[in-house]
Amino acid sequence: MVRAALLTAVGSPLELVEIELPEPGPGQVRVKLAAAGICHSDLSLATGVLRTPAPVVLGHEGAGTVTAVGEGVSSVRPGDAVVLNWAPACGTCHLCSLGEPWLCENSGAASTHTYAALADGTGLYPGLGVAAFAEETVVAERAVLPLPHGVPLDGAALLGCAVLTGYGAVHNAARVRAGESVVVLGLGGVGLAVLQAARIAGAGPVIAVDVTPEKEELARRHGATEFVLSDDRTARTVRTLTGGHGADHAFECVGRGVTIRAAWSSTRRGGRTTVVGIGRKDDLVSFSALEVFHFARTLSACVYGNSDPAKDIPVLAEHVRAGRLDLDALITDRITLDEIPAAFDRMAAGQGGRSLVVFP
Ligand code: APR
Ligand code: ZN
Ligand code: ZN
């Protein structure tokens, strides 16, 4: 039996329970979690903004140690340190064969089957196929990525979502170049990772935007050169800070229609907005037909940082080892499994950076 934070039904609070995990079957790997980050997508799944089958063990940003492998597993062995991957690509579908594994048509398959059970036999679903809010989990081999040496196992959890997503948004999706101006809306774990990635790219100015004034100090520590308190004049303020033109790049890391619109309006003519946030299906964004033409801007979304994690995790690890990527700075609260509800409350109030469950 292992302890897990369980979402019994969408909209209900998480409960600490004991679950029964099977031994890994063919092609599966059992992992003892070292740490799991709290991402806004977990909160969105828990509240029903995003859909998930239930009862479900959430948590999709984790790292740990392999304890057992099933038949046919060859890429990892017991004792290996691994990062969990919530969008493992199949390698063979139409989009994988086009070289866009982050859009794999089969990456969500694991989340639709039960993987564990309560003592009474009730089947449990693994949140985004990962189920990191538990002491241990069982996942498909392709959902574990060997962790390169020199990266501490607790901070490595963040590589599995916030950092892969934020870094990839800047380097794979937007391809920010040195000297380009960047604005980032929303400074949670994802937005702060975008700031660090913009710093690595040599961007400037790097303008950070949030509704919470306390985020200013945090933002500057992650590479922001300016801080703007979000209001209905955000786009105008960003244009003022960029010589009246607007930023070359905007990154929306909130997941709301208003902030997508503000991000788009903050860019220069021909500028690019990369939407990283995930919003509600009924939250609309509007543009006039004339302004779409006149501003000639690009609006695109990015999924999991448009990353191929097997290639990008080693790149991120190299940045960590060289001191360019500061995982510790992203972690503002180290908590236990039973403190996830309080971390959700802080997140809903726009407080802090990443909360990280650290397993004893
Ligand atoms: N303008 C600017 N910032 C805002 C606004 C707004 N109108 N509304 C909220 N924010 C800020 C919050 O104050 C908070 O700092 O957005 C930030 C969101 O951070 P988190 O809740 O920690 O979310 P995070 O885990 O970083 O995820 C961001 O990416 O992966 C997606 O589903 C995820 O949509 C979410 C987004
Ligand atoms: Zn996430
Ligand atoms: Zn695929």
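Reckoned from all heavy atoms, side chains included, excluding hydrogens, waters and symmetry mates. Counting starts at 1 for both ligands and their atoms, following the listed order.
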Geometry only, no angles: is Val254 polar-contacting ligand 1 at N/O separations under 3.5 Å?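 Right, the criterion is met.
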Please check whether Val258 reaches ligand 1 - meaning an N/O of the residue sits under 3.5 Å from an N/O of the ligand, judged on distance alone.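 No - when backbone and side-chain N and O of Val258 are compared with those of ligand 1, no distance drops under 3.5 Å.
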Only pairs under 3.5 Å count here: list side-chain donor-acceptor contacts from residues 79-95, not counting sequence neighbours, and write none if there are none.
from, atom 1, to, atom 2, distance (Å)
Asp80, OD2, Arg77, N, 2.9
Asn85, OD1, Ala87, N, 2.8

Provide, to 0.1 Å, the distance between [atom] and the closest protein heavy atom, together with that atom's residue and name.
atom: atom 30 (O) of ligand 1; value: Ser41 OG, 3.6 Å
atom: atom 21 (O) of ligand 1; value: His40 ND1, 2.5 Å
atom: atom 11 (C) of ligand 1; value: Asp210 OD2, 3.2 Å

Looking at Arg175, Arg272, Arg269, Arg268, which one forms a salt bridge (charged side-chain N to carboxylate O under 4.0 Å, His left out) with Asp248?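 Exactly one pass, corresponding to Arg268.
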Under 2.8 Å from the Zn ion (ligand 2), protein N/O/S atom count?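 The number of such protein atoms is 3.
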Show me the pairs that pass ring pair (Phe, Tyr, Trp, His ring centres under 6.0 Å) and involve residues 305-326, at least two apart or across chains.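 Output for this query lists Tyr167-His319.
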Can you tell me which residue pairs pass the ring pair (Phe, Tyr, Trp, His ring centres under 6.0 Å) test with a partner in residues 205-231, sequence neighbours excluded?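 Not a single pair qualifies under ring pair (Phe, Tyr, Trp, His ring centres under 6.0 Å).
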Any salt bridge between [X] and [Y], counting N to O under 4.0 Å?
X: Arg221; Y: Asp326; value: no
X: Lys311; Y: Asp308; value: yes
X: Arg346; Y: Glu214; value: no

Against heavy atoms of [X], which atoms of ligand 1 measure under 4.0 Å?
X: Thr259; result: 1 (N), 6 (C), 7 (N)
X: Ser230; result: 1 (N), 2 (C), 6 (C), 7 (N)
X: Val190; result: 24 (P), 26 (O), 27 (O)
X: Val211; result: 1 (N), 2 (C), 3 (N), 4 (C), 5 (C), 6 (C), 7 (N), 8 (N), 9 (C), 10 (N), 13 (O)

With a 4.5 Å cut-off on side-chain heavy atoms, are Val151 and Leu327 touching?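 Heavy-atom side-chain distance check passes, below 4.5 Å.
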Are any of the side-chain heavy atoms of Leu6 and Ile19 separated by less than 4.5 Å?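 No, every pair of side-chain atoms sits at 4.5 Å or beyond.
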So is [X] close enough to ligand 1, meaning a heavy atom under 4.0 angstrom away?
X: Gln351; answer: no
X: Ser44; answer: no
X: Thr212; answer: yes

Please note down the angle at the Zn ion (ligand 3) between SG of Cys90 and SG of Cys96, to the nearest 10°.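 Nearest ten degrees: 120°.
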